[in-house]
Undergrad: 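Input: one structure, supplied below.
Every chain is numbered from 1, with letters handed out A, B, ... down the list of sequences.
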Amino acid sequence: MTGRFYVTTPIYYVNGAPHIGHAYTSIAADIVARFNRLAGKDVFFLTGTDEHGQKVEQAAQAAGEEPQAFTDRISADFRAVADAMDISYDDFIRTTDPRHKAGAQALWEKVAANGDIYLGAYEGWYALRDEAFYGEDEITTRADGTKVAPSGAPVEWMREPSYFFRLSAYQDRLLELYETHPEFIGPAGRRNEIVSFVKQGLRDLSVSRTSFRWGVPVPGDADHVMYVWFDALANYLTALGYPDANAPRMAFWPASLHMVGKDIARFHTVYWPAFLMAAGIDLPHMVFSNGWWTVEGEKMSKSLGNVIDPRDLVAEFGLDPVRFFLMREVPFGGDSDVSRRSLINRMNVELANDLGNLGQRTLSLIARNCGGALPAQAARTEADNHLLGQAAILPDVMTQQIGRVALTDALEEVWKLIRACNAYIDHQAPWALKKTDPERMAAVLRVLADALRVIATVLQPYMPGSMDRMLTQLGAEAGERSFAALETPLPAGRILPKPEGIFPRFVEPEIGDAK
RNA sequence: GGCGGCGUAGCUCAGCGGUAGAGCAGGGGAAUCAUAAUCCCUUGGUCGGCGGUUCAAAUCCGUCCGCCGCUACCA
């Protein structure tokens with residue numbers, strides 16, 4: 001069951017510093033990428049940064065830097081976070097890359113050639129002071145009749161020449177897409193919102209600006225630069241070498257999965273497929289949007305000063321516990337809260353107690369009673385078969401769940417097996433068999449080692465570093481860690497390294513005041 | 001305002017027509033291989049309120065209350 005799999009994160013806007021939300025989306029995409037590699041797929045995993053627009057231009061100015069120098073710096077910071085979180089991306093695209101600019105322009109020309117881009121005028125309430133347009137609902141009228149933006153800046157009705165994309169022409173085709181491919185938008189709740197949005201009727205979309213220069217020039221009209229979405233969304237194609245149909249990476253198109261934050265779900269499920277239809281390009285298979293994180297019950301915001309840099313969490317708790325926590329805490333797709341208490345609790349209960357301790361007790365029994373070598377498989381009891389049967393179907397069960405991006409549910413399946421292993425070892429009591437029936441003891445420990453191997457194998461995408469260590473301790477060599485390799489038992493007698501704890505309990509360094 | 005979702009044990013949630021479930025937290029017990037970890041048993045809910053359909057409703061319908069999401073150019 002091989003094949004290609006192309007998964008993307010959003011390209012992150014370099015307007016602000018990377019925070020836990022960015023890391024969350026990237027980790028989710030990383031898990032899907034790693035899981036598909038384990039399943040034998042040829043995977044291409046893309047991440048990157050979105051670097052154009054007026055806000056960046058202004059932020060650079062505020063920082064006293066040239067836009068390019070500014071974006072170089074912030075983009076590098078996003079890349080550093082991706083590396084710190086062990087995101088296994090194959091390429092990092094920047095919208096300031098020459099390859100991207102050329103590709104975005106090619107896409108524009110293709111859509112224009114199809115007759116879906118025309119010159120018009122963008123109108124709206126404009127605040128000169130903010131250099132920004134505001135929506136009707138954001139404008140308040142003062143007692144003296146003047147209209148002002150939320151910032152308090154006076155606004156006036158402005159017209160700016162702009163190219164438009166004929167989005168209105170795609171309403172029916174988009175609805176048909178949602179109808180015939182319900183899996184295109186995930187999770188399901190998000191799909192309902194998008195469908196009702198499109199049913200309300202679509203207006204043409206302004207896709208260029210003349211009010212700032214920091215962007216991709218519109219082909220054939222140097223007065224305009226592309227406005228955010230046409231530029232940004234194109235990255236998923238330009239990274240593959242578009243418009244060169246013969247570029248080796250183009251074989252990965254169409255994308256299997258665009259992982260996005262819920263704030264940009266609409267752009268990926270309405271604008272993007274419409275652009276692609278206009279360009280005669282195949283559509284991605286799925287756009288899955290995740291929710292927001294709150295911190296200790298409060299919304300993350302600069303003004304509250306509670307914005308979390310994921311690197312700080314990693315520094316204190318370690319990378320894999322953080323990756324695990326973010327995927328485990330709540331059903332993927334919804335909003336959730338990160339708090340010290342919940343993080344430490346997950347870490348100690350599920351990683352240290354359930355999984356870490358299971359590995360440690362099993363491996364130290366083998367080390368002490370089996371000469372430190374992997375025991376042979378032996379005749380199995382009903383209990384053995386039950387446990388191993390549960391383990392054997394785990395990769396398939398998880399494949400189903402990862403396929404619908406049910407990343408939390410997939411983890412729950414693993415933990416069912418871990419709990420079953422803890423019950424099994426207690427009921428079998430190999431430490432007692434040691435005196436009464438050493439052969440059976442060895443058989444029991446081998447059953448546990450085999451179950452643990454499955455557990456560690458399927459958890460690799462979630463916790464690559466820790467599971468690498470666990471597999472090493474279980475005697476699984478580099479070529480013995482894929483789903484396919486699970487078909488072949490490890491040879492009996494293989495010498496195992498000395499067991500070492502993988503998930504230490506987290507103890508608060510100091511007694512702090514609760515809450 | 002319109003559309004949609006949610007409201008089930010102290011907490012986070014699953015169940016979505018047939019005598020209320022899981023994990024965590026709480027209580028009791030067992031064991032002692034292990035990271036004082038584990039295992040077994042257990043307390044606990046009139047499934048938001050009120051009506052209706054049905055032999056039977058967390059589960060379907062109506063209504064009310066309370067939260068939340070979406071409602072286009074803001075990532």
Undergrad: Identify whether any heavy atom of A/R368 sits under 4.0 Å from a base atom; if not, whether one sits that close to sugar-phosphate; answer base, sugar-phosphate or nothing.
TA: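 Sugar-phosphate only.
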Undergrad: Between B/C74, B/C33, B/G23, which nucleotide has the shortest distance from any of its atoms to the side chain of A/E350?
TA: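 Taking heavy atoms from C-beta onward, the closest nucleotide is B/G23.
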Undergrad: For A/L202 and A/H52, find the nucleotide of RNA chain B closest to each by heavy atoms; which residue's nucleotide sits nearer the 5' end?
TA: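 Closer to the 5' end of RNA chain B: A/L202.
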Undergrad: Please give, in whole Å, the distance from B/A36 P to A/Q360 CD?
TA: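 For the pair A/Q360 CD and B/A36 P, the rounded distance is 10 Å.
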Undergrad: Please determine whether any donor N or O and acceptor N or O are separated by less than 3.5 Å between the side chain of A/N357 and the base of B/A34.
TA: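 Under the 3.5 Å cut-off, the side chain and the base do form a donor-acceptor pair.
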Undergrad: CH2 of A/W293 versus C1' of B/U12: gap in Å, rounded?
TA: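 In whole Å, B/U12 C1' lies 12 Å from A/W293 CH2.
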Undergrad: In whole angstrom, what separates A/I418's CD1 from B/C39's P?
TA: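 Spelled out: CD1 on A/I418 to P on B/C39 is 11 Å.
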Undergrad: Is it true that the NZ or CZ of A/R266 lies under 6.0 Å from the centre of A/F197's six-membered ring and within 45 degrees of the ring axis?
TA: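 Yes, a cation-pi geometry holds between A/R266 and A/F197.
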Undergrad: Once you apply a heavy-atom cut-off of 4.0 Å, does A/I502 come out as touching a base, just sugar-phosphate, or nothing?
TA: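 Touches a base.
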Undergrad: Using a heavy-atom cut-off of 4.0 Å across all strands, would you classify A/D204 as base, sugar-phosphate, or nothing?
TA: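 Base contact - A/D204 has a heavy atom under 4.0 Å of at least one base atom.
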Undergrad: Tell me what A/I264 touches on the nucleic acid: a base, only sugar-phosphate, or nothing, going by heavy atoms under 4.0 Å.
TA: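 The residue A/I264 makes sugar-phosphate contact but no base contact.
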Undergrad: B/C73 pairs with which nucleotide, Watson-Crick or G-U wobble, both distances below 3.5 Å?
TA: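 Paired with no nucleotide.
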Undergrad: Check every atom of B/C40, B/C33, B/U35 against the side chain of A/A352 and return the nucleotide holding the closest atom.
TA: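 Out of B/C40, B/C33, B/U35, the nucleotide with an atom closest to A/A352's side chain is B/U35.
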Undergrad: For A/E412, does the CD atom sit with more than 12 other heavy atoms under 6.0 Å from it, leaving out its own atoms?
TA: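 Atom CD in A/E412 is packed in, count exceeds 12.
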Undergrad: What integer distance in Å separates A/I344:CD1 from B/A25:P?
TA: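 Value for this atom pair: 14 Å.
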Undergrad: Contact between A/L433 and A/P438 at the side-chain level, heavy atoms closer than 4.5 Å - yes or no?
TA: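 They are not in side-chain contact.
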Undergrad: Can you tell me the Watson-Crick or wobble partner of B/G26, both distances under 3.5 angstrom?
TA: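 Because both required distances fall under 3.5 Å, B/G26 counts as paired with B/U42.
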Undergrad: Could you name each residue pair satisfying salt bridge (Lys or Arg N to Asp or Glu O under 4.0 Å) that touches residues 420-431 of chain A, not counting sequence neighbours?
TA: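 Listed by first then second residue: A/R361-A/D426.
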Undergrad: How long is the line joining OH of A/Y178 and C1' of B/C70, in whole Å?
TA: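 Nearest whole value for this atom pair: 13 Å.
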Undergrad: Taking the side chain of A/N345 as heavy atoms from C-beta outward, which of B/C24, B/U35, B/A37 is closest to it?
TA: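 The nucleotide sitting nearest to the side chain is B/C24.
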Undergrad: What's A/I11 touching, base or sugar-phosphate or nothing? Going by heavy atoms closer than 4.0 Å.
TA: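 Base contact.
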Undergrad: Need one value for A/I194: base, sugar-phosphate or nothing, where a base atom within 4.0 Å counts as base even if backbone is also close, heavy atoms only.
TA: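 Counting heavy atoms under 4.0 Å across all strands, no contact is made by A/I194.
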Undergrad: For the aromatic rings, using the six-membered ring if either is Trp, is the centroid distance between A/W214 and A/Y227 under 6.0 Å?
TA: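 No: the rings miss the under 6.0 Å criterion.
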Undergrad: Atom CD of A/E412 and atom C1' of B/G21: how far apart are they, to the nearest Å?
TA: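 So the CD-C1' distance, A/E412 to B/G21, works out to 13 Å.
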Undergrad: Given that A/G189 and A/G201 both sit by RNA chain B, which one's nearest nucleotide is further toward the 5' end?
TA: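 Final value for this comparison: A/G189.
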Undergrad: Could you state the CD-C1' distance from A/E329 to B/C24, rounded to the nearest angstrom?
TA: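 After rounding, the gap between these two atoms is 10 Å.
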Undergrad: If you check every side-chain atom of A/S196, which of B/C40, B/U71, B/C3 has the closest atom?
TA: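 For A/S196, the side-chain atoms sit closest to B/C3.
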Undergrad: Could you work out which one of B/U71, B/C73, B/A37 sits closest to the side chain of A/F197?
TA: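 Nearest nucleotide to the side chain: B/U71.
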Undergrad: Select base, sugar-phosphate, or nothing to describe what A/D354 touches, counting heavy atoms under 4.0 Å on all strands.
TA: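 It contacts sugar-phosphate atoms only.
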Undergrad: In whole angstrom, what separates A/L417's CG from B/G23's P?
TA: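 So the two atoms are 15 Å apart, to the nearest Å.
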Undergrad: Syn or anti for B/A58, taking syn as within 90° of 0?
TA: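 For B/A58, whose glycosidic angle is within 90° of 0, the conformation is syn.
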Undergrad: Out of B/A72, B/C73, B/C24, which has the shortest distance to the side chain of A/V349?
TA: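 From the listed options, B/C24 comes nearest.
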Undergrad: Considering every strand and a 4.0 Å limit on heavy-atom distances, what is the contact class for A/K199: base, sugar-phosphate, or nothing?
TA: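 A/K199: no heavy atom of the nucleic acid under 4.0 Å.
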Undergrad: Considering every strand shown, what is the Watson-Crick or G-U wobble mate of B/A36 when both distances are under 3.5 Å?
TA: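 By the stated definition (distances under 3.5 Å), nothing pairs with B/A36.
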Undergrad: So, is A/R328 near the phosphate of B/G23, with a side-chain N or O under 4.0 Å from OP1 or OP2?
TA: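 A/R328 to B/G23 OP1/OP2: no side-chain N or O under 4.0 Å.
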Undergrad: Kindly point out which of B/G4, B/A37, B/C33 is positioned nearest to the side chain of A/N192?
TA: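 Closest nucleotide among those given: B/G4.
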Undergrad: Measure from the side-chain heavy atoms of A/R190 and tell me the nearest of B/C70, B/A34, B/U71.
TA: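 Among B/C70, B/A34, B/U71, the one nearest the side chain of A/R190 is B/C70.
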Undergrad: Can you establish whether the number of heavy atoms outside A/E439 located under 6.0 Å from its atom CD is more than 12?
TA: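 Count not over threshold, so no.
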Undergrad: Applying the Watson-Crick and G-U wobble criteria at under 3.5 Å, what pairs with B/C13? Answer none if nothing qualifies.
TA: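 Its partner is B/G21.
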Undergrad: Pick the P atom in B/U43 and in B/G15, then give their distance to the nearest Å.
TA: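 Pairwise P distance, B/U43 against B/G15, rounds to 25 Å.
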Undergrad: For a quick test of reading the model: is some side-chain N or O of A/Y126 closer than 4.0 Å to OP1 or OP2 of B/C73?
TA: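 No, outside the criterion.
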Undergrad: Tell me which nucleotide among B/C73, B/G23, B/U35 gets nearest to the side chain of A/R203.
TA: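 The answer is B/C73.
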Undergrad: Students often get this wrong, so: under 4.0 angstrom with heavy atoms, is A/W229 touching a base, only sugar-phosphate, or nothing?
TA: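 The residue A/W229 makes sugar-phosphate contact but no base contact.
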Undergrad: Do A/R346 and A/F324 form a cation-pi contact, if we require the NZ or CZ to be under 6.0 Å from the six-membered ring centre and within 45 degrees of the ring's axis?
TA: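 No; the conditions do not both hold, so A/R346 does not lie above the ring face of A/F324.
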Undergrad: For the side chain of A/S206, counting heavy atoms from C-beta on, which of B/C73, B/U32, B/A37 is nearest?
TA: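 Closest nucleotide to the A/S206 side chain: B/C73.
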Undergrad: Does any part of the side chain of A/M226, heavy atoms only, come nearer than 4.5 Å to the side chain of A/V207, both counted from C-beta?
TA: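 Contact flag for A/V207/A/M226 side chains = no.
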Undergrad: Name the nucleic acid region contacted by A/A423, choosing base, sugar-phosphate or nothing; use a 4.0 angstrom heavy-atom cut-off, strictly under.
TA: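 The answer is sugar-phosphate, as A/A423 gets under 4.0 Å only of primed atoms, P, OP1 or OP2.
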Undergrad: Which base sits across from B/A57 as a Watson-Crick or G-U pair, both distances under 3.5 Å?
TA: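 Its partner is none (no Watson-Crick or G-U wobble pair with both distances under 3.5 Å).
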Undergrad: Paired with B/G7 by Watson-Crick or G-U wobble geometry, both distances under 3.5 Å: which nucleotide is it?
TA: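 Looking at the geometry, B/G7 pairs with B/C65.
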